[in-house]
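Here the structure is laid out as structure tokens; the discussion comes afterwards.
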Protein chains: 2
Amino acid sequence: MAATMREVAEAAGVSIATVSFVVNNSKPVAPETRRRIEEAMVRLQFRRNMVGRALASRRTRVVALVYPAIEHKLGASGMEFVTSAARTASAAGYHLVLWPISNDAAELTQLVGQGLVDGVLLMEVQLEDARVEVLRATRTPFALIGRSGDLRDLVYVDIDFDATMQDAVDHLRGLGHRSMVMVTGSQADASFRAYGPYVRAEAAFRRIAAEQGFEPVVLECEQTTQSGRAAAEQILASWPGTTAVLVFNEFAAPGLLSGLLRRGVCVPQDVSVLSVLTSTEMSTSVDPPLTAFSSPGAELGRLGVRALLRVLEGEAAPPPALLPGTLVPGSSTGPAPGGGSARERHA
Amino acid sequence: MAATMREVAEAAGVSIATVSFVVNNSKPVAPETRRRIEEAMVRLQFRRNMVGRALASRRTRVVALVYPAIEHKLGASGMEFVTSAARTASAAGYHLVLWPISNDAAELTQLVGQGLVDGVLLMEVQLEDARVEVLRATRTPFALIGRSGDLRDLVYVDIDFDATMQDAVDHLRGLGHRSMVMVTGSQADASFRAYGPYVRAEAAFRRIAAEQGFEPVVLECEQTTQSGRAAAEQILASWPGTTAVLVFNEFAAPGLLSGLLRRGVCVPQDVSVLSVLTSTEMSTSVDPPLTAFSSPGAELGRLGVRALLRVLEGEAAPPPALLPGTLVPGSSTGPAPGGGSARERHA
DNA sequence: CTGAAAGCGCTTACAG
DNA sequence: CTGAAAGCGCTTACAG
């Protein structure tokens with residue numbers, strides 16, 4: 001169906017090298033010659049074959065998105081992330097393949113060995129990650145979404161947990177809440193042990209609490225509605241004076257909210273709930289809609305691919321990008337009860 | 001790094017053809033020769049290069065998943081679907097690339113012209129779909145997730161809307177509800193006009209209503225919480241006797257529920273809400289958790305890829321598969337008010 | 001500015 | 001059972 005370069009060359013009465021030069025615009029070609037070639041390309045419906053090009057140039061222009069197959073919930077914004085990554089690749093003339101694989105090194109080794117991809121975008125990085133070692137050992141160019149423990153020579157983009165947590169705490173402090181409880185994800189699960197986001201968000205919270213002089217209470221909880229509800233119970237039982245809860249656990253947040261409401265606690269009149277790094281779908285599906293800092297999913301996908309492509313093109317590795325979440329107003333946060341707001345801020 | 005076939009051949013003292021025969025197990029090879037070759041492959045860490053293979057065999061073993069970039073919400077189960085598709089492809093030795101593209105023909109034409117993929121899995125098919133025409137014209141093997149209007153010679157898998165709606169209605173009838181209101185997605189949006197799922201689900205509902213002798217009330221509503229809430233208002237205002245609502249609109253369902261609750265309507269005591277083709281994340285995030293028929297996302301991805309691969313392998317096109325949703329019990333449905341349940345069923 | 005030629009890493013008739 | 005050779009569709013020094 002589609003014509004080859006050879007056919008175009010014959011039709012235009014030139015060598016295939018010259019056709020290649022105009023297709024890639026890689027060498028000067030006489031105007032008249034170029035015209036003949038372009039005419040032939042259009043007439044014969046020439047489309048450059050990526051496989052031939054890949055073999056000859058040793059660059060496939062395909063990159064892989066590697067993530068854990070047992071998707072512990074990429075969150076509701078998973079598709080948004082992935083789509084944004086694919087479109088960014090596409091705009092640069094690349095393709096994105098999906099490699100949802102186990103966390104161990106064997107499968108990744110096998111896949112990169114096939115020579116299909118020029119580079120890898122690695123997600124859900126653990127602090128010690130066998131996959132990073134595979135990529136290093138095989139000299140596969142790669143970039144990370146997230147960060148491992150050892151950042152030497154790593155190209156990555158990640159969420160700015162410090163900034164996001166700071167913004168979140170500030171939001172609640174601004175409403176007059178003097179202290180707050182943080183609900184985070186469970187690290188009991190082996191695959192979440194030392195899961196970067198939880199570790200970093202909690203560390204940020206503790207640091208900020210120390211700076212602002214309140215006692216940091218941190219509650220771990222699984223990523224389910226049920227666990228969120230249990231967390232609500234525990235907060236009411238163990239820290240009855242709580243006026244604000246900061247949740248970094250998208251799938252527990254709805255349960256936390258309904259757990260409070262079921263106990264007759266009014267949100268936000270009695271207790272404010274602020275959800276951090278949550279999809280808009282989740283925030284708006286509950287009642288009252290959650291005030292939240294939305295996850296910069298699409299932006300991470302875009303920047304992650306961009307960073308990887310820059311490595312592939314041999315340009316200077318881009319500096320690590322850290323993106324904060326963006327406040328999406330809802331109805332689950334409000335002034336601290338007791339009119340403490342104004343007093344607190346001027347104290 | 002990775003050895004080539006030529007290097008293996010030299011190390012084993014054979015021709016590269018023979019190496020190819022053992023790698024592909026495509027021709028008989030003497031045991032002793034095979035042993036030498038296998039030893040050399042292991043020693044030199046041979047990994048067959050997919051690009052060379054693709055060029056020579058004219059099969060890339062890459063397939064594309066094509067879906068609308070303006071993702072009108074593949075739903076919360078989007079990642080699950082996509083991951084399942086990628087893993088199914090992987091298990092068969094294929095790779096899955098993501099092509100989130102506009103709905104028009106130009107971009108798809110350009111992409112298939114690159115010769116990167118052996119076939120295409122097409123999603124969100126419209127009743128008249130320019131993309132199907134592109135695939136036909138370019139003789140690109142393809143399979144559909146969903147169905148276009150004209151099914152001649154089409155390989156597809158889809159949700160079984162008839163069976164799912166029947167199950168849903170039966171569930172509510174079994175609880176004593178004599179009639180019900182259906183809330184569906186908005187078809188006002190141009191890109192959703194004649195959107196297969198809405199058309200088919202509504203048709204099934206009307207047919208069943210006629211069979212069972214109740215008046216089918218159908219309400220269109222946008223895919224947002226807000227619209228769901230408005231739908232609740234409208235139901236209470238226009239059809240105050242309603243005891244059961246059947247929602248086929250994942251992102252409106254939470255709003256419908258909270259809209260009822262806000263009006264003091266108890267769910268399920270006063271009104272039952274049954275959500276059809278919804279992700280579990282959504283169903284469980286609201287309070288009360290929704291009784292729902294879950295979307296067979298992962299299964300669709302698996303069967304869709306399988307169907308496409310069968311076409312690629314030149315096997316008989318598999319018969320169209322239609323999958324129903326599965327009932328996931330929640331707390332949003334219950335007996336019809338007025339103790340009608342038992343009476344109704346024996347009447 | 002253009003072309004002849006080698007080569008990217010494989011597969012596959014064809015011959016023996 | 002094995003090998004020599006052509007070829008898949010391109011790119012890229014090299015020469016002129």
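Chain A is the first sequence line, chain B the second, and so forth, proteins listed ahead of strands; every chain is numbered from 1.
- Residues of residues 6-16 of chain A having a heavy atom closer than 4.0 Å to DNA chain D, listed by number: Ile16(A).
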What are the atom names and distances for every N/O pair under 3.5 Å that joins the protein to nucleotides 14-16 of chain C?
residue, atom, partner, partner atom, Å
dC14(C), N4, Lys27(B), NZ, 3.2

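- Between the P atom of dC1(C) and the CZ atom of Arg34(A) lies a distance of 9 Å, rounded to the nearest Å.
- Under 4.0 angstrom from either OP1 or OP2 of dT11(D) there lies at least one side-chain N or O belonging to Ser20(A).
- Comparing Ser26(A) and Val29(B) against DNA chain D, the residue whose closest nucleotide sits nearer the 5' end is Val29(B).
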Fill in the dot-bracket string of DNA chain C, one character per base: . for unpaired, | for a pair to another strand, ( ) or [ ] for pairs within the strand, taking Watson-Crick or G-U pairs under 3.5 Å. |||.||||||||.|||
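- Atom CG in Leu116(B) sits roughly 13 Å away from atom P in dC10(D) (whole-Å rounding).
- In this structure, the separation between CZ on Arg200(A) and CZ on Arg147(A) is 4.0 Å, given to the nearest 0.5 Å.
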Given side chain to side chain contact (heavy atoms under 4.5 Å, CB included), test Leu111(A) with His95(B) step by step and report yes or no. CA-CA 10 Å; Leu111(A) 285 169; His95(B) 292 269; 3.8 Å; yes
Using side chain to side chain contact (heavy atoms under 4.5 Å, CB included), reason through Val117(B) and Val63(B) one step at a time and then give a plain yes or no. CA-CA 5 Å; Val117(B) 308; Val63(B) 296; 5.5 Å; no
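- Using a 4.0 Å heavy-atom criterion, one finds that Ala30(B) contacts the sugar-phosphate atoms exclusively.
- Within the 4.0 Å cut-off from OP1 or OP2 of dT2(C), at least one side-chain nitrogen or oxygen of Thr33(A) is found.
- Taking 4.5 Å as the limit, every side-chain heavy atom of Tyr94(B) sits out of range of all side-chain heavy atoms of Val305(B).
- A salt bridge does not link Arg36(A) to Glu39(A): none of the charged nitrogens lies less than 4.0 Å from a carboxylate oxygen.
- Closest contact between the side chain of Asn24(A) and the listed nucleotides dT11(D), dC1(D), dT2(D) involves dT11(D).
- Donor-acceptor pairing under 3.5 Å is recorded for the side chains of Tyr67(B) and Thr83(A).
- With respect to Arg35(B) and Glu38(B), no salt bridge is recorded, no charged nitrogen being found less than 4.0 Å from a carboxylate O.
- The side-chain hydrogen bond (donor to acceptor under 3.5 Å, both in side chains) search around Thr4(A) returns none, not counting sequence neighbours.
- A heavy atom closer than 4.0 Å to some atom of DNA chain C occurs in Phe46(B), Arg47(B), Arg48(B), Asn49(B), Gly52(B), Arg53(B), Leu55(B), Ala56(B), Ser57(B), these being the qualifying members of residues 46-61 of chain B.
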Mind running side chain to side chain contact (heavy atoms under 4.5 Å, CB included) on Met50(B) and Val51(A) for me, showing each step along the way? CA-CA 10 Å; Met50(B) 282 209 49; Val51(A) 180; over 6 Å; no
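- Between the CG atom in Asp129(A) and the CG atom in Leu108(A) there is a gap of 9.0 Å [rounded to 0.5 Å].
- The closest donor-acceptor contact from the side chain of Arg6(B) to the backbone of Ile16(B) lies at 3.5 Å or more, if one exists at all.
- Between Arg136(A) and Glu133(A), at least one side-chain N (NZ, or NE/NH1/NH2) sits under 4.0 Å from a carboxylate O, which counts as a salt bridge.
- The salt bridge (charged side-chain N to carboxylate O under 4.0 Å, His left out) search around Glu107(A) returns none, not counting sequence neighbours.
- The separation between Met5(A) atom CE and dT12(D) atom P is 11 Å, rounded to whole Å.
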